[in-house]
Amino acid sequence: QVQLVESGGGLVQPGGSLNVSCAASGEIFRIDVMAWYRQAPGKERELVAEITRRGRTNLADAVMGRFTISRDSANNTMYLQMNSLKPEDTAVYYCNLLTWPRKNYWGQGTQVTVSS
């Protein structure tokens with residue numbers, strides 16, 4: 001069974017920074033994509049950033065230039081460095097894992113709140 005453990009969420013002031021992490025463990029043959037999603041109250045879950053097994057990254061327009069996604073392949077850990085945070089970034093951030101054989105896994109989510 002694959003498990004995703006997230007950490008690093010919290011309350012920050014607008015303009016502040018936060019780094020969230022996601023550690024994957026269990027029987028994983030191959031990780032094809034690791035991604036961060038977020039969901040604000042009353043809104044649909046949206047893709048924030050993703051990184052493929054070859055290291056290619058993709059960021060949503062709303063966070064481009066402010067967020068950076070990275071990974072430590074040796075530890076199957078993914079990070080999302082969030083800078084210049086805005087109130088609009090407030091959401092529950094979820095880790096998502098796409099593996100081969102084709103499976104999707106979700107973390108429990110970590111709350112990020114940006115408020116004065």
Side-chain angles (χ1 to χ4, degrees):
Q1 186 79 4
V2 174
Q3 296 182 51
L4 302 177
V5 179
E6 303 170 348
S7 62
L11 173 64
V12 296
Q13 298 273 105
S17 297
L18 205 61
N19 189 287
V20 294
S21 64
C22 171
S25 63
E27 295 184 1
I28 305 172
F29 178 72
R30 190 181 76 190
I31 298 176
D32 286 336
V33 183
M34 297 185 79
W36 287 102
Y37 288 76
R38 68 184 182 186
Q39 187 168 25
K43 294 187 176 182
E44 295 185 357
R45 189 171 299 185
E46 64 176 348
L47 176 67
V48 178
E50 61 183 4
I51 184 167
T52 72
R53 67 185 181 92
R54 293 182 176 85
R56 292 188 177 186
T57 61
N58 178 46
L59 274 71
D61 290 343
V63 305
M64 189 74 68
R66 300 187 296 119
F67 291 10
T68 302
I69 187 170
S70 63
R71 69 180 179 188
D72 181 349
S73 297
N75 299 116
N76 283 337
T77 302
M78 174 179 63
Y79 304 91
L80 185 67
Q81 177 65 49
M82 300 179 285
N83 299 321
S84 301
L85 283 162
K86 305 175 180 179
E88 306 90 86
D89 296 317
T90 296
V92 177
Y93 284 70
Y94 295 93
C95 177
N96 175 257
L97 190 68
L98 175 63
T99 67
W100 181 266
R102 184 66 161 80
K103 295 288 183 182
N104 271 295
Y105 300 92
W106 292 93
Q108 80 284 357
T110 184
Q111 178 71 48
V112 172
T113 302
V114 185
S115 176
S116 299

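All of these numbers come straight from a predicted model, not from anything done at the bench. Numbering starts at 1 and runs along the sequence shown.
- Here the CG-OG distance, from Asn75 to Ser25, works out to 11.5 Å after rounding to the nearest 0.5 Å.
- Residues Ile51 and Met64 fall within the same hydrophobic cluster, defined by Ile, Leu, Val, Met, Phe, Trp and Tyr side chains chained together at heavy-atom separations under 4.5 Å.
- In the hydrophobic clustering of this structure, Leu47 does not group with Ile69; members are Ile, Leu, Val, Met, Phe, Trp, Tyr whose side-chain heavy atoms approach within less than 4.5 Å, directly or through other members.
- No side-chain heavy atom of Leu97 sits under 4.5 Å from any side-chain heavy atom of Asn76.
- Within a 6.0 Å sphere centred on CD of Gln3, heavy atoms belonging to other residues, nucleotides or ligands number 12 at most.
- In this structure the side chain of Val63 never reaches within 4.5 angstrom of the side chain of Leu80, judged on heavy atoms.
- When the side chain to side chain donor-acceptor pair (under 3.5 Å) test is applied to Thr68, no partner is found at least two apart in sequence or on another chain.
- Summarising the geometry, atom CG belonging to Leu98 is positioned 5.0 Å from atom CG belonging to Asn104; distances are rounded to the nearest 0.5 Å.
- For residues 19-96, the disulfide bond (SG atoms under 2.5 Å apart) pairs, not counting sequence neighbours, are Cys22-Cys95.
- The main-chain N or O of Tyr105 is found under 3.5 Å from a side-chain atom of Asn96 such that the two form a donor-acceptor pair.
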Q: Apply side chain to side chain contact (heavy atoms under 4.5 Å, CB included) to the pair Leu18 and Phe67, showing each step before the final yes or no.
A: CA-CA 10 Å; Leu18 205 61; Phe67 291 10; over 6 Å; no
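- For the pair Gln108 and Val5, the tightest heavy-atom approach, listed with the atom from each and the gap, is OE1-CA, 4.3 Å.
- Residues Ala24 and Leu4 approach most closely at CB-CD2, 3.5 Å, considering heavy atoms.
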Q) Where do Ser17 and Val12 land on the side chain to side chain contact (heavy atoms under 4.5 Å, CB included) test, with the steps shown first? A) CA-CA 7 Å; Ser17 297; Val12 296; over 6 Å; no
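- For Trp100, there are no ring pair (Phe, Tyr, Trp, His ring centres under 6.0 Å) partners at least two apart in sequence or on another chain.
- A donor-acceptor contact shorter than 3.5 Å links the side chain of Glu6 to the backbone of Gly109.
- The hydrophobic cluster containing Val48 does not contain Tyr79, counting ILVMFWY residues as joined when their side-chain heavy atoms lie under 4.5 angstrom apart, directly or transitively.
- Among residues two or more places apart in sequence or in another chain, the ring pair (Phe, Tyr, Trp, His ring centres under 6.0 Å) test is passed with Tyr37 by Trp106.
- Between the side chain of Thr90 and the backbone N or O of Val114 there is at least one donor-acceptor pair closer than 3.5 Å.
- Every residue meeting the side-chain contact (heavy atoms from CB on, under 4.5 Å) condition with Arg53, not counting sequence neighbours, appears here in chain and number order: Arg30, Asp32, Arg71.
- Closest approach of Ser84 to Asp89, counting heavy atoms only: O-OD2, 4.5 Å.
- Minimum interatomic distance between Leu59 and Ala49 (heavy atoms only, all atoms of both residues): CG-CB, 4.0 Å.
- Tyr94 is not connected to Val112 by any chain of hydrophobic side-chain contacts under 4.5 Å among Ile, Leu, Val, Met, Phe, Trp and Tyr, and they are in different clusters.
- Note on residues 40-52: pairs passing salt bridge (Lys or Arg N to Asp or Glu O under 4.0 Å), not counting sequence neighbours, are Arg38-Glu46.
- The shortest non-hydrogen separation linking Met34 to Thr77 is CE-C, 4.4 Å.
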